[in-house]
Each structure stands twice: as C-alpha cells, then as structure tokens.
Protein chains: 2
Amino acid sequence: MADVGTTIRATGAVDCDVHNAVPRLSALFPYLPASWVDYCRETGVEGFDPAFYPPGAPLSARPGSRVGEGPPGSDPCVVRDHVLDGPGARYAVLNCLYAVSAVHNPDWAASMARALNDWQAAQWLAADPRFRASIVVSTRDPHAAAEEVARWAGRGFVQVLLPASTPAPLGQRVHWPIYAAAEAADLPVAVHPGVGSANPLSPVGWPSHYVEDYACAALTLQSQLTSMVAEGVFAAHPGLRVVLLESGVTWLPSLMWRFDKNWKALRREVPWVDRPPSQVIREHVLLSTTPLDAPPGLDHAWVDRFLTRLGSVEMLLHAGDYPHWHHGNAPTALLEQLSPAERELVLSGNAMRLYRLPEEAGWAQAD
Amino acid sequence: MADVGTTIRATGAVDCDVHNAVPRLSALFPYLPASWVDYCRETGVEGFDPAFYPPGAPLSARPGSRVGEGPPGSDPCVVRDHVLDGPGARYAVLNCLYAVSAVHNPDWAASMARALNDWQAAQWLAADPRFRASIVVSTRDPHAAAEEVARWAGRGFVQVLLPASTPAPLGQRVHWPIYAAAEAADLPVAVHPGVGSANPLSPVGWPSHYVEDYACAALTLQSQLTSMVAEGVFAAHPGLRVVLLESGVTWLPSLMWRFDKNWKALRREVPWVDRPPSQVIREHVLLSTTPLDAPPGLDHAWVDRFLTRLGSVEMLLHAGDYPHWHHGNAPTALLEQLSPAERELVLSGNAMRLYRLPEEAGWAQAD
C-alpha cells in the first residue's frame with residue numbers, strides 16, 4: 001500500500017472517476033431558465049440525488065468526506081484536497097451522478113442537464129485547472145444531448161456521461177446522435193451505474209435486496225456493451241471510445257468468449273460486426289479499476305493471466321470513485337502486481353492519451 | 001476428440017441435458033382434462049414449443065435429429081439412438097422445454113404441466129430404463145407446482161425444472177413451496193434458459209438481435225443465482241441442490257468475487273446468509289458444461305486454474321444439450337484437459353450422486 005501510494009504521487013495519477021455532487025437543487029437555479037425554476041418550486045421537487053447508492057449510509061461515503069451541509073463531494077475545495085492534493089494526483093475526471101436522466105419530461109431533463117454542466121463549468125472547472133468533467137446529458141432527447149455535447153467540447157469537459165440503466169439498450173439507433181456528437185468532438189462516452197430506466201433491475205424482475213443490485217451491477221454493463229457492439233455503434237463511429245465505470249473488470253473475458261462464439265454462428269444477423277466482438281471491444285472499450293472484482297490475495301501471476309485474458313493493460317483506467325467507499329475493493333491490490341510500465345499506463349498513461357490531457361494542467365477557457 | 005469419445009463410452013456418461021420435445025399439442029390431449037382439451041381446440045392454440053432457440057433454423061438442431069413429423073427430439077427411439085446407444089451413455093436426463101410457464105392462466109398452466117409429466121412418464125420413461133426426466137412445473141402457481149413435484153418423486157423423475165426467465169426472481173418467497181417440495185422429495189431443481197417472463201430480456205430493455213440474447217443468456221442465470229442466495233433459499237432448504245443448465249460456467253468466479261465482497265459490507269441486510277455467498281454456491285450449485293464459454297485452445301493449465309477459481313470439479317455436469325447444436329461450444333475441449341479422475345466425476349460421478357442413479361439402469365415403476 002505504501003509503495004503504491006508513493007507511486008501514485010510520483011507519477012501523477014489521473015483519477016478517472018470522481019463524483020462531484022450538487023449541494024442542493026437551488027444551486028442549479030442560476031443556470032436554469034426561469035420557467036423551470038418556477039416549475040421546480042411549484043412542484044416542490046427536492047432534487048435528483050442518485051438513489052442507487054444508499055446516500056445516508058455511513059459506509060457509503062469515504063470517512064472525512066461528509067463536511068458542510070451538502071452531500072459528500074459537493075464542496076470543490078474538499079474534493080480538491082481529497083482527490084488531487086492529498087494523493088498527489090495529476091488530474092481528476094468529475095462524473096456528476098445527479099440523476100437528470102430520471103426526469104421523464106424530455107425538455108425539463110435537457111434543461112437540467114444544461115444547467116448542471118453550466119454549474120460544473122462555473123463551480124468546478126474554474127476552481128482548479130486539474131479538474132476535468134464529463135458532460136452530463138439526458139438520453140430522453142438524444143438530439144438535445146448531442147447539442148449539449150457540441151456546446152462543451154474542448155472547454156474542460158473531456159467525456160460524455162451516460163447512465164447504465166436506460167429505458168432502451170444503449171446500442172439502439174435512437175442513441176446514435178449522442179455517439180455522432182461525441183465522435184465529432186473527439187470525446188469518449190462513459191457509462192456509469194445509475195438510474196434512468198423504466199425497466200426492472202434484473203432481467204427477471206425487481207430483486208428484494210440492495211446486495212443483489214450491487215453484486216449484479218456488472219450485468220447491466222454487460223447488456224449495454226453487448227448492445228453497443230451488436231447494433232454496430234463502433235462500426236458507424238470508428239473513432240468512438242467507451243469507458244465502463246465502477247462495475248468491475250473480471251467479468252469481461254467470459255463475456256467476450258461467449259460473444260465471439262455466438263457471433264461466429266449468428267454474424268449474418270449483424271453483418272456490420274465484421275470481426276470478433278472481442279476485437280471490437282479491445283479497440284473501443286476501457287474500464288475503471290474500482291471497485292475491483294477480484295479474489296483476495298492477488299499475486300503477479302494472477303494479474304498477468306487476467307491481463308492476457310482481457311487483452312491489454314491499455315484497457316484499464318485508475319479510479320478512486322470518491323467519495324464512494326467500496327470496502328475491500330480498492331484497486332491497490334491490482335496496482336501492486338503490475339510492472340512499473342503497466343502501472344504507469346493504468347495510473348495515468350491510458351487516461352492522458354484517452355482524454356488528451358496536457359502534461360501541464362490547464363485548458364483554454366472559452367469566453 | 002476420439003479419445004474422449006472412447007472415454008464417454010467406457011465410463012458410461014450421464015448426459016444431464018437432453019431435450020425431449022412434444023411432437024404436437026394433441027399428443028398431450030390423452031393426459032389433459034376434457035375441459036382443457038376443449039379450451040385448446042376452441043382457442044386454436046397451436047402449442048407451446050420454445051421460441052427462444054430459433055426452431056426453424058437448420059443450425060439450431062444437430063444434423064440428423066430432424067426425423068419424422070415432429071420437432072427434433074420428439075421421437076423417443078431416435079433420441080435413444082442419438083444420446084444413449086450412439087455415444088454409449090449410461091443415463092440421459094430429459095429436460096422438456098415445452099413452455100408451460102408461458103401460459104398466464106395458472107390453472108391451465110398447471111394442467112398442462114401435469115399432462116406433460118404424464119406424457120413423459122408414458123412415452124419416455126417407459127421407453128427405456130436409461131431415461132430419467134425432470135418434472136416440469138409452472139411457476140404461476142407454486143403450490144400446484146409443489147403438488148406436482150410430490151406426485152412424481154421417485155418414479156423416474158430425478159429433478160424439478162424451472163425456466164430461467166420468470167416474472168419474479170426465483171429466490172423470492174413466492175417460489176419457496178417448490179423448493180420445500182423438492183427438498184422433501186430429495187430432488188435438485190434445475191434452471192434452464194426459457195420463456196416464462198413478463199420482463200424484458202435485459203435489465204435495460206429488449207435487445208434487437210438474437211445474438212445479444214444468446215451472448216447474455218448467462219446474465220439471467222446470474223440474476224437468479226444471486227436472488228436465490230440472497231433471499232435465503234439455501235438457508236431455509238439446506239438439502240436443496242440447484243443445477244444451472246446451458247448457460248456456461250466461466251462467469252461464475254467473477255460473480256462470486258463480487259458477491260462475496262458486497263456481502264461483507266451488506267450482510268446485515270441478509271443475515272441468513274451466514275457465510276460467504278461463494279461458499280453457499282459451492283455447496284448447493286452445479287452447472288452443465290454445454291455450451292462451454294471458454295477461449296479457444298484450452299490447455300491443462302487453463303482448465304486447472306479455472307477449476308481452482310470455480311472451487312471444485314464436483315460442480316460440473318456433463319451435458320450434450322441434444323438436439324441443440326452450439327457450434328464450437330462442445331464440452332470435449334474441457335474434458336480432454338481433465339485428469340482421468342476429474343473426467344469421471346464430470347462425465348458421470350457427479351450426476352450419479354446428485355440424481356442418486358443406480359449402477360444398473362432401472363427404477364421401480366409405481367402403479
């Protein structure tokens with residue numbers, strides 16, 4: 001642990017999954033059209049804090065992250081201390097999970113997304129040149145989402161953020177305007193567990209316990225990834241990269257083996273998938289390392305075999321998932337078993353290249 | 001291949017997943033109350049052949065299995081030739097996939113299940129002492145299902161068969177009468193991909209292509225297994241064994257790692273899960289080896305490491321999945337890499353013990 005802590009500080013890690021939070025709904029009002037502010041007030045809605053991760057549970061947030069009145073992660077100075085200055089990280093990519101995709105009214109959802117991004121630019125990107133952010137969009141109106149992507153590209157936003165739980169699979173054509181906009185802006189699309197779905201949490205209905213939702217979070221990502229490959233998202237958008245966040249990594253080899261075999265028999269159904277799905281995935285997909293779904297007691301041989309099964313260490317991105325707190329799932333166990341060159345890639349090299357981050361922190365702020 | 005073919009013949013394998021088919025709906029009429037026969041005729045329903053595996057596709061069925069007028073697998077003599085006499089197997093466990101669980105009317109569904117089991121006893125179990133069968137039940141009325149289990153226990157039926165796609169997760173309490181009956185009858189419960197669900201095929205809605213359904217079949221089993229463990233099915237029914245059929249095996253270690261870690265943090269939510277979920281799974285769950293979700297070019301070291309991750313070779317059951325035909329997914333690649341003792345367990349020992357099969361084929365037919 002101490003060694004890796006030193007390494008993180010030395011190499012200047014990029015933390016690819018930091019969750020900045022809206023302190024309260026009214027914090028967005030300065031960025032929201034008056035009609036929607038009125039609407040929020042008249043309906044008495046309290047906000048769109050994500051509910052999928054028990055917000056009130058003491059163990060949900062990193063010790064020390066609950067300061068001030070807002071939820072953990074809502075104070076830029078505290079977050080800066082905890083994710084940048086504390087560990088000596090080079091950059092932090094902010095993925096705000098405020099659940100605008102849970103708003104069913106597409107116009108309201110699009111306005112909330114715009115306000116949220118304005119707020120991120122003003123309150124977070126302006127606060128420290130080492131912060132980068134994901135453009136939050138609602139999937140309810142993909143054309144409005146595409147406009148929002150185009151509006152922010154290159155102004156400190158390095159990624160488009162989509163929720164993993166959507167009303168329809170993310171590969172389906174209705175979502176393609178978002179991918180076209182992301183590809184045109186040279187931005188990857190991240191998919192993070194989150195609520196925007198009309199569907200039960202599992203293909204067999206609603207489970208009874210949170211532990212089932214948690215243990216099966218990767219299943220949603222597997223469905224989304226399968227959909228994106230099968231529908232031809234990557235054939236139509238060859239420059240697109242997709243980042244799968246906070247759902248583990250060890251499930252992917254088994255899915256690729258199944259998918260490759262089934263594709264061999266059924267490829268005529270999806271002729272645009274012109275090479276094995278595993279190859280498409282290896283070219284277009286990256287995954288974050290927290291929480292790590294690995295057995296206890298990792299050794300070098302295990303990690304080496306896992307990387308062989310996965311296909312490339314260049315698919316992995318370091319992430320702290322601040323302020324969330326997954327006990328026993330820290331990525332340090334993985335990092336400790338990597339060679340120095342591999343560790344550098346996971347901690348920073350892969351992210352620096354993916355997000356086109358400059359060696360010296362900073363970005364050209366537009367007027 | 002040749003070596004293993006010899007081994008199968010020599011050891012007398014138990015084929016744990018053979019699909020006998022109903023030749024046509026009217027074949028069940030002799031076993032169905034007159035009122036339901038009238039109902040079938042009046043509504044013009046054509047039958048409940050499973051639709052999840054494209055029945056008309058030439059590649060769906062093993063070459064040579066399409067004989068006569070019924071669907072592949074509907075002639076007991078042909079099936080006997082192909083799965084018993086041909087490969088020299090000792091027993092074949094019949095899992096009839098006729099989709100009685102797709103019938104929403106619970107009384108009709110229960111009557112169809114009873115007729116189907118009567119038909120299996122008369123047409124299949126009576127045809128050869130090496131045939132064993134699963135008791136088909138509908139989950140729409142769990143008490144009727146429990147009665148059906150009790151009616152057949154010990155009369156050539158060695159298992160209860162449930163569809164993987166259900167309206168509610170299989171762990172939930174509504175289904176417990178079925179588990180109580182199975183445990184009382186000392187029968188395992190098998191879960192096989194199949195249609196009985198009101199839910200979309202994925203947690204993010206309906207996919208567009210069959211290849212997505214196929215590649216993601218294991219996700220449904222993962223949801224069901226997680227539900228059964230979390231709800232306490234095995235704590236309440238310590239003698240119960242569950243067999244997960246036709247959905248691969250390599251996804252299980254990653255799920256167990258996630259589940260164990262999340263359980264450590266959230267076990268107070270499910271206090272009846274009094275040891276790591278992986279331990280519960282290893283004690284109660286078996287999986288069939290076809291189709292095999294493994295990479296090409298298996299070697300002994302790979303198989304050895306997989307068995308270590310899985311926990312025990314005693315969790316694996318040999319299955320041919322006749323008459324289905326999964327190209328390139330035959331279990332021979334796995335069998336070839338096992339030691340002789342391991343191979344004997346997978347081919348027959350595990351199944352002989354699980355199903356309490358006598359060394360000499362036969363069973364006491366009740367009057």
Side-chain angles (χ1 to χ4, degrees), chain A residues 59 164-172 197-212 214-220 222-224 226-227 230-231 248 250-251 253-255 257-259 261-267 269-270 273 277 291 293-295 305 309 326-329, chain B residues 59 164-172 197-212 214-220 222-224 226-227 230-231 248 250-251 253-255 257-259 261-267 269-270 273 277 291 293-295 305 309 326-329:
Chain A
L59 293 174
S165 293
T166 48
L170 279 174
Q172 292 187 350
S197 174
N199 301 298
L201 275 171
S202 97
V204 293
W206 290 100
S208 309
H209 306 96
Y210 180 59
V211 70
E212 298 174 65
Y214 202 176
C216 289
L219 308 190
T220 303
Q222 293 184 58
S223 298
Q224 297 289 26
T226 306
S227 168
E231 296 273 357
T250 62
W251 49 264
S254 177
L255 177 68
W257 299 329
R258 292 198 302 274
F259 203 174
K261 286 186 170 175
N262 300 158
W263 167 82
K264 282 180 195 165
L266 296 164
R267 53 189 292 186
E269 192 185 28
V270 288
V273 186
D293 48 349
R305 286 193 300 266
R309 292 195 297 271
H326 305 277
H327 289 265
N329 294 64
Chain B
L59 293 175
S165 294
T166 48
L170 279 174
Q172 292 187 350
S197 172
N199 300 298
L201 275 172
S202 97
V204 293
W206 291 99
S208 309
H209 306 96
Y210 179 60
V211 70
E212 298 174 65
Y214 201 175
C216 290
L219 307 191
T220 302
Q222 293 184 58
S223 298
Q224 297 288 25
T226 306
S227 168
E231 297 272 357
T250 63
W251 49 264
S254 177
L255 177 70
W257 298 329
R258 290 199 302 274
F259 203 174
K261 286 186 171 178
N262 300 156
W263 167 82
K264 281 181 195 165
L266 295 164
R267 53 190 290 187
E269 192 185 30
V270 286
V273 186
D293 48 349
R305 286 193 301 266
R309 292 195 296 271
H326 305 277
H327 289 267
N329 293 63

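Chain letters run A, B, ... following the sequence lines, proteins first, then strands; residues in each count from 1.
- For chain B, no part of L170(A) is nearby; none of its heavy atoms comes within less than 4.5 Å.
- Residues V211(B) and F259(A) meet the side-chain proximity criterion, which asks for heavy atoms closer than 4.5 Å.
- With chain A as partner, the option from K264(B), Q224(B), R305(B) having the largest number of non-hydrogen pairs under 4.5 angstrom is R305(B).
- Using a 4.5 Å cut-off between heavy atoms, A217(A) makes no contact with chain B at all.
- Between chain A and the residues S208(B), G248(B), A164(B), G171(B), the most heavy-atom pairs under 4.5 angstrom are made by S208(B).
- A294(A) and K261(B) make their closest contact through O-NZ, 3.0 Å (heavy atoms, listed as atom of the first residue, atom of the second, distance).
- When atom types are taken as modelled, the side chain of D293(B) and the backbone of S254(A) share no donor-acceptor pair closer than 3.5 angstrom.
- Within the 3.5 Å criterion, the main-chain N or O of Y210(A) finds a donor-acceptor partner in the side chain of E269(B).
- Looking at Q222(A), its side chain never comes within 3.5 Å of a backbone N or O of L219(B) through a donor-acceptor pair.
- The shortest side-chain heavy-atom distance between P203(B) and S202(A) does not fall under the 4.5 Å cut-off.
- When heavy atoms are compared at a cutoff of 4.5 Å, R267(B) does not approach chain A at all.
- Heavy atoms of Q172(B) lying under 4.5 Å from chain A belong exclusively to its side chain.
- Listed here is the closest heavy atom pair of P200(A) and N199(B): CG-OD1, 3.5 Å.
- When S223(A), P295(A), A230(A), A168(A) are compared by the number of non-hydrogen pairs under 4.5 Å with chain B, P295(A) comes out ahead.
- Contact check for P169(A) versus V204(B): side-chain heavy atoms found under the 4.5 Å cut-off.
- How far OG1 of T226(B) is from OH of Y214(A): 14.5 Å, rounded to the nearest 0.5 Å.
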